[in-house]
Each structure stands twice: as structure tokens, then as C-alpha cells.
Amino acid sequence: MFNRMLRQVRRIPRGKVATYGDVASAAGFPGSARQVAWALHQSSGLPWHRVVGSGGKILLAGEAGFEQRMRLEGEGVRFHGLRIDMKEHHHSFFPRKRSSRKKKIR
DNA sequence: GATATGACGTCAT
DNA sequence: CATGACGCCATAT
């Protein structure tokens, strides 16, 4: 399960962010936002800083939160006070629509 | 199995 | 915007 969530996290492109709930849903476990947090604790080498709370707020405490914010800003994420511009940086996990590609993608 | 905890989310006050 | 309450679910003890 965590594996599944972590996979979504890896999918988040640089300069974008996603919420715990979004990742959980994308992984197929709506309502299990907490487990996403757990997954991030467990694993490493992931863009954990691209995962924030609902509304784009950083939930981490103290230094960790500070570091996360710094990283995000470094990736081009604009902050609105203590929150992130979700309108700009909210990453939408692509809906899986993979079928006959009639049109040549050029 | 029961209880407590946590990088959560949403709603009501 | 801050708080409190409830719902949710994997781990830890």
C-alpha cells in the first residue's frame, strides 16, 4: 500500500505539490491521508517536500517545516504567507486514459 | 483485542 | 483565522 502511495509521490513534478489526501486518493485509498504521512516517514529518497497539507499548508514542525518551505521555494513554488499557491502548484495526478492513440502525437 | 498516537481532512463554532 | 470535534487507518505498546 505504501508502495503505491510512494509511487504517486514520485510522480509529482518539480515545482508542483500535492496534498496527503490527494496522494492517498490517487493511490487508491481515499481517506487514508495519514498513511501517506507514515509512508513518507518510512521511506526515503522521495520528494517528500512536495507533499503538503490541505490548502497548501505545511504541517511539519519546527526545522523540518522550515526546510520543506525552503526546498519548495527553491523549486519555484510561490508562498502566500504560510500557504502555497495551490491554484498554481496543485499537481493533478493524470487520469489513466491510455487507449488507441488515433492521433499522432506529433 | 483494546488503547493511544500521528507529516491528515472536513465541518461547525 | 484559531479551536474543537469527529472520521479515517496503519503502527506501537
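Just so it is clear: chains get the letters A, B, ... in the order the sequence lines come, proteins before strands, and each one is counted from 1.
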**Prompt:** With the sugar-phosphate defined as primed atoms, P, OP1 and OP2, and the base as all remaining atoms, what B/S/- string results for nucleotides 8-13 of chain B, 5' to 3', for protein heavy atoms under 4.0 Å?
**Reply:** BSS---
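Remark: R78(A) engages D85(A), H89(A) in a side-chain contact (heavy atoms from CB on, under 4.5 Å) (not counting sequence neighbours). Contacts of E88(A) classified as salt bridge (Lys or Arg N to Asp or Glu O under 4.0 Å), with partners at least two apart in sequence or in another chain: none. A33(A) meets the side-chain contact (heavy atoms from CB on, under 4.5 Å) test with Y20(A); sequence neighbours excluded. Legend: residues meeting side-chain contact (heavy atoms from CB on, under 4.5 Å) with R14(A), ordered by chain and number and at least two apart, are R50(A), E75(A).
Between F2(A) atom CZ and dG6(B) atom C1' the separation is 11 Å, expressed in whole Å. Residue H41(A) contributes atom NE2, which lies 5 Å from atom C1' of dA7(B) at whole-angstrom precision.
Q68(A) places a side-chain N or O within donor-acceptor distance of the main-chain N or O of H49(A), the cut-off being under 3.5 Å.
Using a 3.5 Å distance cut-off with no hydrogens or angles, the side chains of T19(A) and D22(A) do pair a donor with an acceptor.
If you walk DNA chain C from 5' to 3' and mark each nucleotide with an atom closer than 4.0 Å to a heavy atom of chain A, the marks span dG7(C) to dT11(C).
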**Item:** Worked check of side-chain contact (heavy atoms from CB on, under 4.5 Å) between V52(A) and L59(A)
**Value:** CA-CA 7 Å; V52(A) 297; L59(A) 306 176; over 6 Å; no
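F79(A) places a side-chain heavy atom less than 4.5 Å from the side chain of L72(A).
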